[in-house]
Novice: 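Pasting in a structure now, in structure tokens, and then I'll have a few things to ask.
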Amino acid sequence: MSVRVRYAPSPTGLQHIGGVRSALFNYFFARANRGAFVLRIEDTDQGRYSDEALQDLYDTFAWLGVRWDEGPDCGGPFAPYVQSARSAIYREHAMRLLAEGKAYECFCSEARLDRIRRIQTANKMAPGYDRHCRSLSAAEIAESRAEGIKPVIRFKVPLEGGTTMHDVLLGDIERKNEDINPDPVLLKSDGFPTYHLANVVDDHLMEISHILRAQEWVPSAPLHVLLYESFGWTPPIYCHLPMVMGSDGQKLSKRHGSTSVREFRDAGYLPEAVINYVSLLGWSYDDTREFFSTSDLERLFTLDRLNKAPAVFDYKKLDWFNGHYIRMKSDEELAELVVPVLKRDGVLAENPQASELALVREAMPLIKERMRVLNDASGLLRFLFAEPAEYPAEELVPKKLDAKGARAALGEAAGLLEGLASRSEEEAERLFRGKADEMGVKLGDLLMPVRVAVTGSRVSPPLFGSIRLLGIEKTRSRIERAMSLLSK
RNA sequence: GUCUCCUUCGUCUAGCGGUUAGGACACCGGGUUUUCAUCCCGGCAACACGGGUUCAACUCCCGUAGGAGAUACCA
């Protein structure tokens, strides 16, 4: 059987990391099995729909480098791939169930629905529709119609018996029909389908073979099976993925930290790190391997390596992956990624000069091992493009020295500056080490005042390299500024 | 409340009847080092509990507890 899978997001918000992981698993599964990956937009909730959300969806996957084989933007044999453009199809199918007596019109007002829900919860009963309209007489229906009430169409869930849903991961899941959502709405009064109808109809029509989606959908799966049966269709193969949780074990949400791929992107995470990390949430390859490129995953992904238990999203481990992938970049690649960040943070102007860009490129070896996210570059490199901000004079004084000693160190360092640019790292170090010995201080103590003078911080990229990039003149003036600060 | 699912170090996980229960992140030490980082070495740390089945259970079965998800004219 040929594999056809889909990602079917609802454009109501930014692409959530959990949803994206589901999309990725579908995509990898399709690739690994030479199948098709379909994108379908489930925009049936007009109230929550947003254009920005749709744009974010496209931006996110473009950034991740993931393409679908069929979708709204590229078409395909089962177009359209946007549910709002398929209304007639859903209506037709709802009408069919209505005609066959498998669904019915419901005229209940929202007020009445609210009321029964309140009563039910007050009496500690399961909230749900009371099936009031399930057995309306023809006369009653005509009367409501005459009043101009727009009905919804509800599905007749069997009152007895049970339904079994098979899941590749979870096995057979049985449910008594009486425990299934009592007669869910299929077609809303605005004429749009609900998720249940549209999803089932489209998955069947688009010949979806496997449904890989998060476990939060398990409870509605038996209902979907019932729907397939009502239409006389065979359900696809289900595989409910473990969910992604926050550190407290609850569904990952805003209060745990970033949740959208966009936020991670803006924070300076690399797509390969996000993909790699997220793929290891609920899936593993073996007992040791943890680095996977997209193309590795496109080859290696299998359902039988999936885990059942929910996974907690660990921001620290993502950081680690990101640092790893940053270090894997060539200096050229990294510079290209860092320049936009530098511009955004005002370290570089909007239209930097070629010399400035060259400087950024030259600085990459100095900061590559020091970045966890691309955004770290701004803090690390700002000193190259602007005078250090005000810092307290005490910063210049190492623990082992006093102000006088620090001042002396700066003076000696200034004297060694000439010709530093042409010296190798080793020569420069030998030179300064010799001076430190002469002064009877440790190299670190000689260098620390200079480091602060030059970069404005005790934490910085390697000093000699930094000085070389900054230039002797600027270095000298910063050292002088520091010395005068100390003499105040 | 009801239904369903889940349960190995703090976290992600390996394990598929017999292992000193392995790896990674985090954390804590140590080394390299010019600060920070990188890198290297070492350490800490887990089979939720109780019954079975079996010569033998982390592994199989049944309970219990805990956790999560779902209970919409949202998906």
Side-chain angles (χ1 to χ4, degrees), chain A residues 8-12 19 42-45 47-48 106 108 110 113 117 120-121 123-129 150-154 165 167 169-171 173-176 178-182 184-190 192-196 198-199 214-222 240 242-243 245 247-251 277 280-290 305 307-321 323 327 367-372 376 380 398 428-429 432-433 436 442-448 450-452 455 457-464:
Chain A
S10 175
T12 56
E42 307 216 329
D43 58 345
T44 56
D45 185 341
R48 293 200 306 155
C106 168
C108 290
E110 224 155 313
L113 262 19
R117 217 180 334 258
Q120 283 163 333
T121 41
N123 294 336
K124 304 206 179 225
M125 289 166 62
Y129 183 53
K150 280 235 196 307
V152 301
I153 293 181
R154 286 183 184 273
M165 187 257 312
D167 184 283
L169 232 202
L170 271 17
I173 294 175
E174 296 185 33
R175 249 175 125 186
K176 287 188 282 218
E178 60 180 285
D179 290 329
I180 291 177
N181 182 354
V185 171
L186 257 25
L187 209 61
K188 308 181 218 176
S189 53
D190 63 4
F192 278 83
T194 58
Y195 168 78
H196 302 299
N199 192 264
Q215 278 177 12
E216 56 186 324
W217 294 108
V218 168
S220 59
H240 287 90
M243 308 221 310
M245 315 302 243
S247 48
D248 58 358
Q250 312 228 322
K251 230 167 140 175
Y277 174 62
L280 260 13
L281 250 27
W283 183 84
S284 63
Y285 179 68
D286 61 17
D287 54 342
T288 49
R289 182 169 173 186
E290 53 197 344
R305 299 296 308 181
N307 212 94
K308 294 188 205 180
V312 172
F313 193 94
D314 183 352
Y315 291 88
K316 286 234 176 92
K317 189 147 190 180
L318 207 213
D319 281 350
W320 176 74
F321 270 110
R327 274 168 252 132
I367 66 168
K368 192 183 279 183
E369 290 168 351
R370 273 156 263 263
M371 283 193 279
R372 274 166 30 263
D376 289 337
L380 254 11
E429 182 172 336
F432 276 78
R433 199 176 285 283
K442 296 185 74 172
L443 180 60
D445 289 330
L446 167 60
L447 259 25
M448 184 54 79
V450 184
R451 181 186 308 284
V452 174
T455 69
S457 168
R458 294 187 154 218
V459 175
S460 83
L463 228 209
F464 302 135

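Each chain gets a letter, A, B and so on, in the order its sequence line appears, and its residues count up from 1.
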Novice: If the condition is side-chain hydrogen bond (donor to acceptor under 3.5 Å, both in side chains), which residues does E42(A) pass it with, not counting sequence neighbours?
Specialist: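 Residues passing side-chain hydrogen bond (donor to acceptor under 3.5 Å, both in side chains) with E42(A): R40(A), Q83(A), N199(A).
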Novice: List the protein contact pattern of nucleotides 45-50 of chain B with one symbol per nucleotide (5' to 3'): B for base contact, S for sugar-phosphate-only contact, - for none; contact means a heavy-atom distance under 4.0 Å.
Specialist: ------
Novice: Verify the contact: side-chain N or O of K188(A) to OP1 or OP2 of rC74(B), cut-off strictly under 4.0 Å; return yes or no.
Specialist: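 K188(A) to rC74(B) OP1/OP2: side-chain N or O found under 4.0 Å.
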Novice: Of all the choices, rC73(B), rA75(B), rC12(B), which nucleotide is nearest to the side chain of L281(A) once you look at every atom?
Specialist: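 The closest nucleotide is rC12(B).
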Novice: State whether R48(A) places a side-chain N or O below 4.0 Å from either non-bridging phosphate oxygen (OP1 or OP2) of rA75(B).
Specialist: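 Answer is no, no contact under 4.0 Å.
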Novice: Please list, for nucleotides 41-44 of chain B, all pairs of protein and nucleotide N/O atoms separated by less than 3.5 Å.
Specialist:
none

Novice: Applying a 3.5 Å limit to both distances, which nucleotide forms a Watson-Crick or G-U wobble pair with rC25(B)?
Specialist: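 When the pairing criteria are applied, rG10(B) turns out to be the nucleotide that pairs with rC25(B).
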Novice: Less than 4.5 Å apart, side chain to side chain, heavy atoms only: is that true for Y129(A) and C106(A)?
Specialist: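 The answer is yes; the side chains approach within 4.5 Å.
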Novice: State which of rC73(B), rU4(B), rG10(B) makes the closest approach to the side chain of D314(A).
Specialist: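 Of all the options, the side chain of D314(A) is nearest to rG10(B).
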Novice: Name the pairing partner of rC55(B), where a pair is Watson-Crick or G-U wobble with both distances under 3.5 Å, or state none.
Specialist: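 Pairing partner, where one exists within any strand: rG18(B).
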Novice: Using a heavy-atom cut-off of 4.0 Å across all strands, would you classify R327(A) as base, sugar-phosphate, or nothing?
Specialist: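 Here R327(A) touches the backbone only, sparing every base.
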Novice: Once you apply the 3.5 Å cut-off to both distances, tell me the Watson-Crick or G-U wobble partner of rG63(B), or none.
Specialist: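 Checking every strand shown, rG63(B) finds its partner in rC49(B), with both distances under 3.5 Å.
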Novice: Could you tell me the separation between the CD atom of E369(A) and the P atom of rC40(B), rounded to a whole number of Å?
Specialist: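 Interatomic distance, CD of E369(A) to P of rC40(B): 11 Å.
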Novice: How long is the gap from CG on D287(A) to CD on E290(A), to the nearest 0.5 Å?
Specialist: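 Rounded to the nearest 0.5 Å, the CG-CD separation comes out at 11.0 Å.
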Novice: Searching all strands shown, indicate the nucleotide that pairs with rU2(B) (Watson-Crick or G-U wobble; both distances under 3.5 Å).
Specialist: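 Across all strands, the one nucleotide that pairs with rU2(B) is rA70(B).
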Novice: Measure CZ/R370(A) against P/rU38(B) and give the value in whole Å, please.
Specialist: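 Spelled out: CZ on R370(A) to P on rU38(B) is 10 Å.
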Novice: Using nucleotides 66-69 of chain B, report all nitrogen or oxygen pairs with the protein that are shorter than 3.5 Å.
Specialist:
residue : atom : partner : partner atom : Å
rA68(B) : OP1  : Q250(A) : NE2          : 2.5
rG69(B) : OP1  : K251(A) : N            : 3.0

Novice: Looking at the side chain of K308(A), which of rG1(B), rA37(B), rC6(B) is the nearest nucleotide?
Specialist: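 My answer, after comparing the listed nucleotides, is rC6(B).
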Novice: Within the 4.5 Å heavy-atom criterion, are R175(A) and P219(A) side-chain neighbours or not?
Specialist: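 In contact.
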Novice: Would a distance-only check, ignoring hydrogens and angles, find a side-chain to backbone donor-acceptor pair under 3.5 Å from R305(A) to W283(A)?
Specialist: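 No, the answer is negative, given that no donor and acceptor are paired below the 3.5 Å cut-off.
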Novice: Among rU7(B), rA75(B), rA37(B), which nucleotide sits nearest the side chain of Y195(A)?
Specialist: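 Looking only at heavy atoms from C-beta outward on Y195(A), the closest nucleotide is rA75(B).
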Novice: Check this for me: does the side-chain of S189(A) come within 3.5 Å of the base of rC73(B) through a donor and an acceptor?
Specialist: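 Under the 3.5 Å cut-off, the side chain and the base do form a donor-acceptor pair.
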Novice: Measure the NZ-CG distance between K368(A) and D376(A) for me, rounded to the nearest 0.5 Å.
Specialist: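 K368(A) atom NZ to D376(A) atom CG measures 15.0 Å (nearest 0.5 Å).
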Novice: May I ask you to say what S284(A) touches in the nucleic acid, namely base, sugar-phosphate or nothing, with a heavy-atom cut-off under 4.0 Å?
Specialist: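 Sugar-phosphate only.
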Novice: Taking Y277(A) for the side chain and D314(A) for the main chain, is one N or O donor matched with an acceptor at less than 3.5 Å?
Specialist: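 Yes, Y277(A) side chain to D314(A) backbone: donor-acceptor pair under 3.5 Å.
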Novice: Rounded to the nearest angstrom, tell me the gap between atom CZ in F313(A) and atom P in rC25(B).
Specialist: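 Between P of rC25(B) and CZ of F313(A): 17 Å.
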Novice: Taking the C1' atom of each, how far is rU53(B) from rC44(B), in whole Å?
Specialist: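 Here rU53(B) and rC44(B) have their C1' atoms 36 Å from each other.
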Novice: Using a cut-off of 4.0 Å on non-hydrogen atoms, how would the nucleic acid contact of A126(A) be classed: base, sugar-phosphate, or nothing?
Specialist: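 Base contact - A126(A) has a heavy atom under 4.0 Å of at least one base atom.
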Novice: Just the rounded figure in Å: distance from P of rG23(B) to CZ of R289(A).
Specialist: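 Interatomic distance, CZ of R289(A) to P of rG23(B): 19 Å.
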Novice: Using the test side-chain hydrogen bond (donor to acceptor under 3.5 Å, both in side chains), find all partners of D43(A) that sit at least two apart in sequence or belong to another chain.
Specialist: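 With neighbours one apart ignored, the set is S84(A).
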Novice: Go through the structure and list residues passing ring pair (Phe, Tyr, Trp, His ring centres under 6.0 Å) with F464(A), not counting sequence neighbours.
Specialist: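 So F464(A) forms a ring pair (Phe, Tyr, Trp, His ring centres under 6.0 Å) with F432(A).
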Novice: Can you list everything that forms a side chain to side chain contact (heavy atoms under 4.5 Å, CB included) with S247(A)? Sequence neighbours excluded, please.
Specialist: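 With neighbours one apart ignored, the set is H256(A).
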Novice: Between Y129(A) and S460(A), who's closer to the 5' end of RNA chain B by nearest nucleotide?
Specialist: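 Final value for this comparison: S460(A).
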Novice: Which residues satisfy the side chain to side chain contact (heavy atoms under 4.5 Å, CB included) test with R289(A), sequence neighbours excluded?
Specialist: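 Scan of R289(A) (side chain to side chain contact (heavy atoms under 4.5 Å, CB included), adjacent residues dropped) gives Y285(A), D286(A), F292(A), D296(A), L300(A).
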Novice: Once side chain to side chain contact (heavy atoms under 4.5 Å, CB included) is applied, do any residues pair with P242(A), and if so which ones, sequence neighbours excluded?
Specialist: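 P242(A) satisfies side chain to side chain contact (heavy atoms under 4.5 Å, CB included) with R21(A), L169(A), Q215(A) once adjacent residues are dropped.
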Novice: Report yes or no: is there a donor-acceptor pair, N or O only, under 3.5 Å between the side chain of K317(A) and the base of rA26(B)?
Specialist: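 Answer no: no donor N or O sits under 3.5 Å from an acceptor.
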Novice: Provide, to the nearest angstrom, the distance between the CZ atom belonging to R372(A) and the P atom belonging to rA26(B).
Specialist: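 The answer, rounded to whole Å, is 10 Å.
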Novice: Taking only the side-chain heavy atoms of W320(A) (C-beta and beyond), determine which of rA26(B), rC73(B), rA37(B) contains the nearest atom.
Specialist: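 Output: rA26(B).
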Novice: If you look at every strand shown and take non-hydrogen atoms under 4.0 Å, does G282(A) touch a base, only sugar-phosphate, or nothing?
Specialist: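 If one applies the 4.0 Å heavy-atom cut-off, G282(A) turns out to touch the sugar-phosphate alone, with no base involved.
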Novice: Hey, could you give me the CE/CZ distance between M125(A) and R117(A), rounded to the nearest 0.5 Å?
Specialist: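 If we round to the nearest 0.5 Å, M125(A):CE and R117(A):CZ are 13.5 Å apart.
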Novice: Considering residues at least two apart in sequence or located in another chain, which fulfil the side-chain hydrogen bond (donor to acceptor under 3.5 Å, both in side chains) criterion with R327(A)?
Specialist: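 Per chain and number, R327(A) pairs via side-chain hydrogen bond (donor to acceptor under 3.5 Å, both in side chains) with no residue.
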Novice: Check nucleotides 27-34 of chain B against the protein and report each pair of N or O atoms closer than 3.5 Å, with its distance, or say if there are none.
Specialist:
residue : atom : partner : partner atom : Å
rU34(B) : OP1  : E429(A) : OE2          : 2.4
rU34(B) : OP1  : R433(A) : NH2          : 2.3
rU34(B) : O2   : R451(A) : NH2          : 2.4
rU34(B) : O4   : E425(A) : OE2          : 3.1

Novice: Please identify each residue that fulfils side-chain hydrogen bond (donor to acceptor under 3.5 Å, both in side chains) with D167(A), with sequence neighbours left out.
Specialist: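 So D167(A) forms a side-chain hydrogen bond (donor to acceptor under 3.5 Å, both in side chains) with H240(A).
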Novice: What contact category does V185(A) fall into here, base, sugar-phosphate, or nothing, at under 4.0 angstrom with non-hydrogen atoms?
Specialist: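 Touches sugar-phosphate only.
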Novice: Please state the P separation for the pair rA26(B) and rU11(B) - nearest whole angstrom.
Specialist: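 Pairwise P distance, rA26(B) against rU11(B), rounds to 16 Å.
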Novice: With a 4.0 Å cutoff (strictly under), does any side-chain N or O of N307(A) reach OP1 or OP2 of rA14(B)?
Specialist: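 Indeed, a polar side-chain atom of N307(A) lies that close.
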Novice: Using atom P in both nucleotides, what's the gap between rC27(B) and rU33(B) to the nearest angstrom?
Specialist: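 Straight-line distance between the two P atoms is 24 Å.
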Novice: Quick one: is R305(A) getting a side-chain N or O under 4.0 Å of the rG15(B) phosphate, OP1 or OP2?
Specialist: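 Yes, within the criterion.
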Novice: Between L187(A) and D286(A), which is nearer to the 5' end of RNA chain B once each is assigned its nearest nucleotide?
Specialist: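 Here D286(A) is the residue nearer the 5' end.
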Novice: Is any side-chain heavy atom of M371(A) closer than 4.5 Å to a side-chain heavy atom of L380(A)?
Specialist: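 Yes, close enough: below the 4.5 Å cut-off.
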Novice: Decide yes or no for L443(A) and E429(A): does some side-chain heavy atom of the first lie under 4.5 Å from some side-chain heavy atom of the second?
Specialist: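 Yes, their side chains come closer than 4.5 Å.
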Novice: Kindly say if T44(A) contacts the phosphate of rA75(B), meaning a side-chain N or O under 4.0 Å from OP1 or OP2.
Specialist: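 For T44(A), the contact criterion (side-chain N or O under 4.0 Å from OP1 or OP2 of rA75(B)) is met.
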Novice: Can you tell me the Watson-Crick or wobble partner of rU34(B), both distances under 3.5 angstrom?
Specialist: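 Pairing partner, where one exists within any strand: none, as none qualifies.
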Novice: Under 3.5 Å, is there any donor-acceptor pair linking the side chain of R175(A) to the base of rC3(B)?
Specialist: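 When only heavy-atom distances are counted, R175(A) does not reach the base of rC3(B) through any donor-acceptor pair under 3.5 Å.
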Novice: Applying a 4.0 Å non-hydrogen cut-off, can you work out what S220(A) is touching in the nucleic acid: base, sugar-phosphate, or nothing?
Specialist: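 Contact class for S220(A): none.
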